[in-house]
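Side-chain atoms are counted along with the backbone in the values below, which use heavy atoms only and exclude waters and symmetry mates. Each ligand, and each atom within it, is numbered from 1 in the order the structure gives.
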Amino acid sequence: MTSVAFPSSLPGGPTRRGRTETDVISTIGGTPLIALDRLFDPDRFQVYGKCERFNPGGSIKDRSARSMIEQALKTGAIVPGRSTVVESTSGNLGVALAQLCNFYRVGLICVIDPKTTAQNAAIMRAYGARLELVDQPDPQTGEYLPTRLGRVRELLASVPDAYWLNQYANERNSQAHHTTMREIHEALPDRLDYLFCTAGTCGTLRGCAEFVRDHQLDVTIVAVDAVNSAIFGPPAPWERSHRRLIPGHGAAMVPPLLRAGLADRLIKVTDADCVRACRELLAQESVLAGGSSGAAIAALQSAAEWIEPGAVCVAILPDGGDRYLNTIYSDRWVREHIELSDSGRDMR
Ligand code: PMP
C-alpha cells in the first residue's frame, strides 16, 4: 500500500485571504506558493510553484491586464463607455483583458490567430469581447505575430477612440510583476536562491528581476524560453526545425520590454519537455497546469544537476491546465504533434 501524507491544515481553516473582497478585480494577485515535494526531493533542494491560475481570470496575465488598463484609465487614454481597447493576443491576456474591460465598461477587440483555442475564444466572447481572426501567417517568418500586429494598426486607424495597450512594450505590463516577486519574497523572506520564470513578452521576467535588483535580493534568475524562440537572440541552427505549438512562452521577436542582464541563466525547452513535465506535475502533485508551467518544471528538472543541495527554488506556474485539455492532456494530440524524445538544453 502506498502511504500518502495529509496536508497540514484541513478544509475549514482560514481562506486564502480571510476577508471579504470589494469586487472580483481586487482578488487579482495573492496567489499561493505550493511545495512540490513529491516531484522534487526536499532533502536535495526545495521547490515551490507560484500558482497563478488562482487569479480570477485564470492566469498570470490578470496582473498585467489590470496594471495596463488601470493606468490607461487613470491617464484618460481610455474612457469608460467610449473607448475600445485593441490588443494582439492569442490567449491569456485576451481573457484577462476581456474580464477587465467588461468590468470597467470599456470596449475590447482582440486580434487572434488560428492557434487561439476555441475555449479561450469562447471565454473572451462570454465577457463581451469582439474577436478579429487573422488566418495568414507572415510569408517571411511563417509566424502570425507580424500579421496580427498589422491588423491592430488597421483597427486603430478605423475604430473611433481605439487604444492599443501594446503588451510587448508597455512598462505597466512588467511593473505588474513587482507584486508577483514581492509576494514570493514575503512568503520566503529568509531564503530564495533560484527563480524559474518563463518568458513571452518578458513582462514577468523584467518585473521580477527589477524587484530582485531594487531590493538587493540574492536570487539567481533563470529565464525559461522555448527552443526556436527569438527572445534572447536568433535561434541556433539546431533549433530551427522545432515547431512551437504550445503558447505562452517563446516569441518570434525580441520583445521591447527585454533588457540586458535580466536573467542570470537561460534554459530552452521543447514542446515535448513541456508535455512530459505537465503530465508529471499532474501525476505526482495533482496540479493541472498549463504548458509554460511544464516548461518551468522541465527547466528545473534539467537544472537539478547544478542546483546546490539545500537551495530554495520557485517556479512560476503561469496558468492552469484546463485550457489545454485538447492539446497537452490529449493523448491523441500529443501522438500526432509531439516527438516525445525531443529535448531542449541549458544555454548558459
Ligand atoms: N505562460 C503563459 C501561459 C502566458 O500566457 C504568458 C504570457 N504570454 C507567459 C507564460 C509569459 O509571460 P510574459 O508575457 O510575462 O513573459
Side-chain angles (χ1 to χ4, degrees), residues 31 49-55 57-68 87-99 110 112-113 115-117 119-120 123-124 144-145 148 165-181 195-211 221-226 229-232 244-259 262-263 266-267 269 271 274 277-278 281 288-299 315-324 327-328:
T31 53
K50 176 79 169 154
C51 292
E52 290 296 306
R53 71 174 302 175
F54 284 83
N55 285 301
S59 85
I60 196 162
K61 296 307 274 194
D62 277 9
R63 296 177 191 263
S64 314
R66 180 181 188 183
S67 167
M68 292 190 290
E87 189 62 47
S88 159
T89 160
S90 53
N92 285 328
L93 182 71
V95 171
L97 285 176
Q99 172 189 242
C110 288
I112 62 168
D113 65 39
K115 287 190 190 174
T116 306
T117 63
Q119 193 186 2
N120 273 349
I123 298 171
M124 290 184 239
Y144 286 104
L145 184 61
R148 280 202 266 133
L165 294 169
N166 193 3
Q167 62 160 332
Y168 280 90
N170 189 327
E171 296 203 351
R172 293 292 298 190
N173 172 10
S174 47
Q175 284 161 14
H177 296 289
H178 295 170
T179 65
T180 315
M181 192 62 217
L195 178 75
F196 283 72
C197 177
T198 51
T201 64
C202 291
T204 316
L205 176 66
R206 178 156 160 196
C208 290
E210 281 173 352
F211 186 92
I221 297 189
V222 184
V224 182
D225 192 11
S229 156
I231 295 178
F232 297 95
R244 295 188 292 109
L245 298 177
I246 297 182
H249 58 298
M253 60 169 193
V254 181
L257 283 178
L258 184 66
R259 295 286 178 276
L262 291 180
L266 171 65
I267 297 179
V269 299
D271 283 3
C274 298
C278 277
L281 192 59
L288 180 66
S292 60
S293 306
I297 295 298
I316 297 180
L317 309 181
D319 66 358
D322 340 32
R323 292 175 183 166
Y324 305 82
T327 55
I328 292 167

Novice: Can we say R206 and E171 salt-bridge, meaning some charged N sits less than 4.0 Å from an Asp/Glu carboxylate O?
Specialist: yes

Novice: Does an N or O from Y324, backbone or side chain, lie closer than 3.5 Å to an N or O of ligand 1?
Specialist: no

Novice: Would you call R148 and D113 a salt bridge, taking side-chain N to carboxylate O under 4.0 Å as the test?
Specialist: yes

Novice: Using a strict cut-off of 4.0 Å, indicate which atoms of ligand 1 neighbour a heavy atom of T198.
Specialist: 10 (C)

Novice: Specify the closest pair of heavy atoms between A296 and F196, including all atoms of both residues, with the distance to one decimal.
Specialist: O-CD2, 4.2 Å

Novice: Do G200 and ligand 1 have an N or O pair less than 3.5 Å apart?
Specialist: yes

Novice: Taking atom CZ of R323 and atom OG1 of T116, what is their separation to the nearest 0.5 Å?
Specialist: 12.0 Å

Novice: Looking only at distance, does T201 have an N or O less than 3.5 Å from an N or O of ligand 1?
Specialist: yes

Novice: Does the side chain of L165 reach to within under 4.5 Å of the side chain of Q167, using non-hydrogen atoms?
Specialist: no

Novice: Going by the order shown, which atoms of ligand 1 are within less than 4.0 Å of some heavy atom of D319?
Specialist: 3 (C)

Novice: Side chains of E52 and S59: is there a donor and an acceptor less than 3.5 Å apart?
Specialist: no

Novice: State which residue, out of T198, I60, V224, fulfils the side chain to side chain contact (heavy atoms under 4.5 Å, CB included) condition with I316.
Specialist: I60

Novice: So is S292 polar-close to ligand 1, meaning N/O to N/O under 3.5 Å?
Specialist: yes

Novice: Using a 4.0 Å cutoff against the non-hydrogen atoms of P318, which atoms of ligand 1 qualify?
Specialist: 1 (N), 2 (C), 3 (C), 10 (C)

Novice: Of all the atoms in ligand 1, which lie at a distance below 4.0 Å from a heavy atom belonging to T204?
Specialist: 12 (O), 13 (P), 15 (O)

Novice: When you compare ligand 1 with H249, is there at least one nitrogen or oxygen pair between them that comes in under 3.5 angstrom?
Specialist: no

Novice: I'd like to know whether ligand 1 has L205 as a neighbour, heavy-atom separation below 4.0 Å.
Specialist: no

Novice: Can you tell which of G248, A295, G250 gets a heavy atom nearest to atom 6 (C) of ligand 1?
Specialist: G248

Novice: One thing to verify: whether K61 and E87 come together as a salt bridge, which I'm taking to mean a side-chain N less than 4.0 angstrom from a carboxylate O.
Specialist: no

Novice: Using a 3.5 Å cut-off on N or O atoms only, is K61 in polar contact with ligand 1?
Specialist: yes

Novice: Scan T204, N173, T31 and name whichever one has a side chain to side chain donor-acceptor pair (under 3.5 Å) with R63.
Specialist: T31

Novice: Could you tell me whether ligand 1 has any atom less than 4.0 Å away from a heavy atom of S59?
Specialist: no

Novice: Who's the nearest protein heavy-atom neighbour of atom 5 (O) of ligand 1, and how far?
Specialist: N92 ND2, 2.9 Å

Novice: Number the atoms of ligand 1 from 1 as they appear, then name those within less than 4.0 Å of a heavy atom of A199, with their elements.
Specialist: 16 (O)

Novice: Does any donor atom in the side chain of H177 or S64 lie under 3.5 Å from an acceptor atom in the other side chain?
Specialist: yes

